[in-house]
**Student:** 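Mind looking over this structure? Questions follow.
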Amino acid sequence: ALVAECIGDAVKEYSKVIKDLTGASKNCKVTVDQKVQLPPAPNGDASTPSCLGGVVLACQKGTITIDNTIDSRLQLVMEQAKPTIRKLLFQ
């Protein structure tokens, strides 16, 4: 529901940014897939999939995806922090 409310403004902002940066006029069609949804929030059962929230964008019939969920962003931060953690633990 929240994502659907933001789509119109996001499309306008995208078109504006592209126009400002490149001079090209671009329009895009954005829809919310009602069939495919993110897993529900964690419920304490580690064996079931869960998601803290966010969006997954897909285009070209799913051949290109952008995972912008809180879970994927936390995973990225953890991967980036591993060298620092190793240094702190084993130095």
Side-chain angles (χ1 to χ4, degrees):
L2 179 62
V3 172
E5 293 174 14
C6 299
I7 289 176
D9 290 338
V11 169
K12 288 176 190 172
E13 181 68 18
Y14 170 80
S15 296
K16 181 183 179 301
V17 168
I18 295 299
K19 180 75 171 178
D20 292 347
L21 293 176
T22 68
S25 295
K26 295 288 181 181
N27 294 316
C28 62
K29 178 183 174 187
V30 179
T31 58
V32 175
D33 189 337
Q34 298 295 331
K35 296 175 188 167
V36 180
Q37 297 182 357
L38 296 174
N43 63 5
D45 182 1
S47 66
T48 60
S50 64
C51 183
L52 294 170
V55 296
V56 177
L57 305 173
C59 66
Q60 303 294 333
K61 298 183 181 179
T63 58
I64 301 171
T65 60
I66 300 169
D67 187 342
N68 197 23
T69 59
I70 295 171
D71 304 74
S72 68
R73 297 183 89 177
L74 287 172
Q75 185 177 10
L76 179 63
V77 168
M78 289 299 294
E79 286 298 317
Q80 291 174 339
K82 280 183 181 179
T84 304
I85 294 169
R86 284 186 190 110
K87 186 175 179 181
L88 291 169
L89 289 174
F90 302 114
Q91 188 177 40

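Residues take their numbers from the sequence shown, with the count starting at 1. Only a predicted model underlies this, so the values are computations on that prediction, with no experimental measurement involved.
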**Student:** Of all heavy-atom pairs between L38 and G53, which one has the smallest distance, and what is that distance?
**Tutor:**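 Scanning both residues completely, I find the closest heavy atoms to be CD1-C, 4.4 Å.
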**Student:** Counting N and O atoms only, with roles assigned by atom type, does the side chain of D71 sit under 3.5 Å from a partner on the main chain of L52, one being a donor and the other an acceptor?
**Tutor:**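 Yes; judged by distance alone, with no hydrogens or angles, the pair exists.
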**Student:** Could you go step by step and tell me if Q34 and V32 meet the side chain to side chain contact (heavy atoms under 4.5 Å, CB included) rule?
**Tutor:** CA-CA 6 Å; Q34 298 295 331; V32 175; 3.7 Å; yes
**Student:** Applying side-chain contact (heavy atoms from CB on, under 4.5 Å) between K26 and each of V17, V11, I18, report the one that passes.
**Tutor:**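 Of the listed options, the one satisfying the test is I18.
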**Student:** Do the side chains of V55 and T69 get nearer than 4.5 Å, heavy atoms only?
**Tutor:**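 Sidechains of V55 and T69: no contact.
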**Student:** What I'd like to find out is whether the side chain of L88 reaches to under 4.5 Å of the side chain of R86, using heavy atoms alone.
**Tutor:**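 Side chain of L88 against side chain of R86, heavy atoms only: no contact under 4.5 Å found.
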**Student:** Decide yes or no for N43 and S50: does some side-chain heavy atom of the first lie under 4.5 Å from some side-chain heavy atom of the second?
**Tutor:**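 SC-SC contact between N43 and S50 ruled out.
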**Student:** Quick check on the hydrophobic clustering: are I66 and I70 connected, directly or via other members, by side-chain heavy-atom contacts under 4.5 Å?
**Tutor:**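 Result: no, two separate clusters.
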**Student:** If you look at every heavy atom in P39 and C51, which pair is closest and at what distance?
**Tutor:**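 Answer, listing the atom of P39 first, then C51: O-CB, 3.5 Å.
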**Student:** When you compare the side chain of L57 with that of N68, does any pair of heavy atoms fall below 4.5 Å?
**Tutor:**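 A side-chain contact under 4.5 Å is absent here.
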**Student:** Please round to the nearest 0.5 Å and tell me the distance separating atom OG1 of T31 and atom CG of D33.
**Tutor:**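 So the OG1 of T31 and the CG of D33 are separated by 7.0 Å.
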**Student:** Please give me the minimum heavy-atom distance between S47 and D45, naming the atom from each residue.
**Tutor:**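 The answer is OG-OD1, 2.7 Å.
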**Student:** Taking the side chain as C-beta and beyond, is there a heavy-atom pair between L89 and K87 under 4.5 Å?
**Tutor:**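 No - every pair of side-chain heavy atoms lies 4.5 Å or more apart.
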**Student:** What verdict does the side chain to side chain donor-acceptor pair (under 3.5 Å) test give for K19 and S25, after you've listed the backbone C-alpha separation in whole Å, the side-chain angles of each residue and the deciding distance to 0.1 Å?
**Tutor:** CA-CA 6 Å; K19 180 75 171 178; S25 295; 3.2 Å; yes
**Student:** Return the CZ to CD1 distance between F90 and I85, rounded to the nearest 0.5 Å.
**Tutor:**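 Answer for the CZ-CD1 pair, F90 versus I85, is 10.5 Å.
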**Student:** Is there a donor-acceptor pair under 3.5 Å between the side chain of S72 and the backbone N or O of D67?
**Tutor:**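 Checking the backbone N and O of D67 against the side chain of S72, a donor-acceptor pair under 3.5 Å is found.
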**Student:** The test is salt bridge (charged side-chain N to carboxylate O under 4.0 Å, His left out); show your working for E13 and K16 and say whether it passes.
**Tutor:** CA-CA 5 Å; E13 181 68 18; K16 181 183 179 301; 5.6 Å; no
